[in-house]
Amino acid sequence: MEGDGSDSPVTIKNIERELICPACKELFTHPLILPCQHSICHKCVKELLLTLDDSFNDVGSDNSNQSSPRLRLPSPSMDKIDRINRPGWKRNSLTPRTTVFPCPGCEHDVDLGERGINGLFRNFTLETIVERYRQAARAATAIMCDLCKPPPQESTKSCMDCSASYCNECFKIHHPWGTIKAQHEYVGPTTNFRPKILMCPEHETERINMYCELCRRPVCHLCKLGGNHANHRVTTMSSAYKTLKEKLSKDIDYLIGKESQVKSQISELNLLMKETECNGERAKEEAITHFEKLFEILEERKSSVLKAIDSSKKLRLDKFQTQMEEYQGLLENNGLVGYAQEVLKETDQSCFVQTAKQLHLRIQKATESLKSFRPAAQTSFEDYVVNTSKQTELLGELSFFSSGIDVPEINEEQSKVYNNALINWHHPEKDKADSYVLEYRKINREDEMSWNEIEVCGTSKIIQDLENSSTYAFRVRAYKGSICSPCSRELILHTPPAPVFSFLFDEKCGYNNEHLLLNLKRDRVESRAGFNLLLAAERIQVGYYTSLDYIIGDTGITKGKHFWAFRVEPYSYLVKVGVASSDKLQEWLRSPRDAVSPRYEQDSGHDSGSEDACFDSSQPFTLVTIGMKKFFIPKSPTSSNEPENRVLPMPTSIGIFLDYDKGKVSFYDMDHMKCLYERQVDCSHTLYPAFALMGSGGIQLEEPITAKYLEYQEDM
């Protein structure tokens with residue numbers, strides 16, 4: 001048992017760095033020992049779990065948007081804390097478990113297991129040292145008696161059994177001689193009370209009396225007999241205490257024996273810091289000099305270009321001025337016309353002929369110019385537009401001399417944006433780079449947004465909390481020690497126009513397992529046009545017996561904006577995708593299979609459930625046709641209906657944006673986040689994502705981008 005925290009040869013203030021929580025950057029408060037052996041405050045563990053709980057919920061549409069049709073639970077923090085603390089608490093199997101989080105100390109994932117926070121040991125030793133530090137920091141502040149009547153007296157001792165501090169008088173009153181309380185253990189004044197015996201968090205009534213060498217944690221005898229440590233190698237607590245204390249003492253003695261070497265290396269580090277400071281300032285001065293030279297060149301070129309523009313402008317204005325004066329001379333009583341009018345007053349024939357001949361030629365020339373007016377100069381300065389595109393690109397790549405680290409390249413094919421952004425890059429010198437810095441910013445026409453930076457150890461990263469319907473630029477650079485590579489070329493990605501709507505294929509409503517094959521995750525469906533169709537061939541006499549096989553999403557939409565995406569396999573013969581109302585789906589799916597096809601239903605106003613036969617402004621469903629690697633834009637009264645204008649190459653991934661409140665559905669090319677087609681849809685009933693297949697085909701729902709998605713990508 002720890003004593004009263006008497007004076008130690010170690011100056012307690014010198015170890016403050018070891019007493020700071022890596023999460024909150026403050027002194028530890030009730031530190032817990034994580035499975036990775038790092039300690040973290042009790043409240044920090046709760047906050048980390050709550051943060052991850054919220055971020056995982058945001059992946060689904062139920063919490064990604066206030067207008068989601070799914071049930072939203074109230075989110076008081078205490079309710080969540082109770083759930084996290086409750087033993088045996090688990091999340092739904094379809095949702096990532098929030099008992100796994102990255103340790104703030106080592107950044108490795110730690111799993112708290114079934115019991116969550118309750119399965120962690122409290123680090124009483126660290127807590128005691130922190131308390132000593134606090135007392136040293138407030139040496140002049142006394143600990144007051146907890147039992148005195150106001151005003152309280154300064155305490156002289158603390159009872160570890162009562163978890164209270166007493167003055168001499170109160171201690172005698174509450175611990176009378178000859179009673180059980182007189183046998184309580186007491187220490188000097190402290191605010192740090194801890195139990196005399198550590199109890200097992202797995203078996204709360206059992207004492208800790210053994211140490212698991214595999215898990216590196218104390219256990220009880222029940223843990224060894226039939227618990228999680230049954231097949232692990234364990235040792236007695238006294239043996240573990242003796243062994244670990246000997247190792248720690250030996251290592252400390254070694255470090256103390258190397259004190260002179262440590263001091264020498266500290267001096268060397270101080271010199272290196274000063275040298276780095278000087279070299280850094282020198283590098284800044286050199287960089288400023290280089291930029292000033294560039295500024296001088298730019299100023300010189302700017303002056304030259306402006307001078308050329310001014311010269312051309314002056315020359316053109318002079319020509320226009322001369323031409324304008326000539327035309328003003330054609331006005332009555334002005335210039336040439338006025339002079340001619342005066343010449344006409346000459347009565348002497350010889351004098352008149354002598355002057356009028358030349359004047360007549362001038363009048364004729366002016367008459368011709370009046371008939372074919374032509375400006376004396378051009379007003380456009382198109383030839384004087386400065387082309388800086390090449391120089392801008394070069395300046396954008398302006399960096400240091402080659403540092404021996406290759407520039408990483410962002411992999412455009414593996415990088416994508418859905419509910420989050422997944423950025424992958426390739427680095428030829430991967431083994432030589434210690435880390436990378438991924439930079440990203442929102443591209444705003446009005447303001448120049450600053451770059452956000454994230455340090456990454458691997459070659460991929462997920463970026464969360466991006467704004468919808470926005471354009472972002474991404475770039476990455478590599479680091480080797482303090483040396484940095486130039487930035488990669490920027491990758492431009494566009495975010496979806498609305499939060500991602502999460503759903504799976506419904507295996508119950510209208511699902512035909514004879515023709516459709518649904519995988520276990522319910523995110524992929526394939527059409528099996530084969531043996532079953534051949535068996536029914538004797539019934540097929542006309543085309544309408546061959547029907548579409550419908551499948552819908554398992555979650556409906558009743559309000560808000562939603563976006564989802566999927567891939568249609570290139571071999572697919574005919575696939576229809578879009579949205580349909582609940583009542584329309586029931587109408588379609590209630591008919592016996594292979595009897596009357598909904599494709600030719602008279603009251604639907606649609607051929608093939610789509611577009612070709614009507615131009616209703618609003619209807620309870622909208623489906624577009626995809627097949628044979630083509631995307632077919634439906635007919636419209638407001639656009640060209642020529643086949644060449646309606647048939648587009650099939651995008652790799654297709655997105656659907658439903659604005660329920662405005663009654664509008666749009667279809668997107670996910671590669672460029674470009675809208676291919678949109679139209680009104682009747683939203684008076686619940687709408688569902690709807691799909692239909694004919695012949696061979698396949699549809700794969702896009703998987704939301706999460707941390708586990710990233711791990712899968714890395715494994716691949």
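Computed from a predicted model, the values in this text were never measured in an experiment. As a basis for the values below, the full set of heavy atoms in this structure was taken, side chains included, without hydrogen atoms, waters or symmetry mates. Quick note: residue numbers are just sequence positions, from 1.
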Looking at T29, L120, I117, which one forms a side-chain contact (heavy atoms from CB on, under 4.5 Å) with H42?
-> I117

For the pair D146 (side chain) and A164 (backbone), establish whether a donor and an acceptor sit closer than 3.5 Å, ignoring hydrogens and angles.
-> no

Does I180 CD1 have over 12 foreign heavy atoms under 6.0 Å away?
-> no

Would you call N519 and V525 a side-chain contact if the rule is heavy atoms closer than 4.5 Å?
-> no

Please report the C-alpha distance between R475 and E409 in whole Å, then the side-chain angles of each, then the deciding distance to 0.1 Å, and finally whether the salt bridge (charged side-chain N to carboxylate O under 4.0 Å, His left out) criterion is met.
-> CA-CA 9 Å; R475 66 186 187 187; E409 298 177 1; over 6 Å; no

Should E268 and S264 count as side-chain neighbours, where that means a heavy-atom distance under 4.5 Å?
-> no

Is a side-chain donor-acceptor pair under 3.5 Å present for S165 with S155?
-> no

Is it true that a side-chain atom of Q37 and a backbone atom of R216 form a donor plus acceptor pair closer than 3.5 Å?
-> yes

With a cut-off of 6.0 Å (strictly less than), are more than 12 heavy atoms of other residues, nucleotides or ligands near OH of Y186?
-> no

Do the side chain of H427 and the main chain of T459 share a donor and acceptor less than 3.5 angstrom apart?
-> no

Who passes ring pair (Phe, Tyr, Trp, His ring centres under 6.0 Å) against H426, sequence neighbours left out?
-> none

Provide the closest heavy-atom pair for S415 versus N411 in the form atom of the first, atom of the second, distance.
-> OG-O, 2.7 Å

Fit a plane to each ring of H229 and H232, take the angle between them on a 0 to 90° scale, and name the class: parallel (under 30°), tilted (30 to 60°) or perpendicular (over 60°).
-> perpendicular

Roughly how far, to the nearest 0.5 Å, is the CD atom of Q261 from the CG atom of L255?
-> 10.0 Å

Taking NZ, NE, NH1 and NH2 as the nitrogens, is one of them in D554 or K508 under 4.0 Å from a carboxylate oxygen of the other?
-> no

Taking everything shown except D253 itself, do over 12 heavy atoms lie less than 6.0 Å from its CG?
-> yes

Heavy-atom nearest pair, R522 first then L504, reads O-CB, 3.5 Å

Which heavy-atom pair separates P689 from F501 by the least distance, and what is that distance?
-> CG-CE2, 4.1 Å

Do D161 side-chain atoms and H184 backbone N/O form a donor-acceptor pair below 3.5 Å?
-> no

Without swapping roles, check the side chain of S239 against the backbone of T235 for a donor-acceptor pair under 3.5 Å.
-> no

Lys/Arg-Asp/Glu bridge criterion (N-O < 4.0 Å) met for E703, R567 = no

Run the salt-bridge test on K157 and E185 with the 4.0 Å N-O cut-off and return the result as yes or no.
-> no

Closest approach of K461 to I454 (non-hydrogen atoms, all atoms of both residues) = CE-CG2, 3.8 Å

Just how far is it from atom CG of D251 to atom CD1 of I256, taken to the nearest 0.5 Å?
-> 11.0 Å

List for me each residue that meets salt bridge (Lys or Arg N to Asp or Glu O under 4.0 Å) alongside E467, sequence neighbours excluded, and say none if there are none.
-> K442

Exercise: identify the closest heavy-atom pair between Q464 and N420 | CA-OD1, 3.5 Å

Please round to the nearest 0.5 Å and tell me the distance separating atom NE2 of H203 and atom CD1 of I208.
-> 10.0 Å

According to the interplanar angle, ranging from 0 to 90°, do the rings of Y166 and F171 count as parallel (below 30°), tilted (30 to 60°) or perpendicular (above 60°)?
-> perpendicular

Who are the salt bridge (Lys or Arg N to Asp or Glu O under 4.0 Å) partners of R217, not counting sequence neighbours?
-> none

Is the W451-Y440 ring centre distance short of 6.0 angstrom?
-> no

Can you see which heavy atom on W564 is nearest to which on Y418, and at what distance?
-> CA-OH, 3.4 Å

Under 30°, 30 to 60°, or over 60°: which ring-plane class applies to F503 and F505, parallel, tilted or perpendicular?
-> perpendicular

Test item: V437 and V456 side chains (from C-beta on) under 4.5 Å apart, heavy atoms | no

CG on N452 to OH on Y472, rounded to 0.5 Å | 8.5 Å

E127 and R122 ion-paired at < 4.0 Å | yes

Taking atom types as modelled, find out whether N468 and T495 have a side-chain donor-acceptor pair closer than 3.5 angstrom.
-> no

Quick one: pull up CG in L222 and CE in M210 and give me the separation to the nearest 0.5 Å.
-> 8.5 Å

More than 12 heavy atoms from other groups under 6.0 Å of CD on E412 = no

Does the salt bridge (charged side-chain N to carboxylate O under 4.0 Å, His left out) test come out yes or no for E259 and K263, once each step is laid out?
-> CA-CA 6 Å; E259 186 172 354; K263 289 181 178 179; 3.5 Å; yes

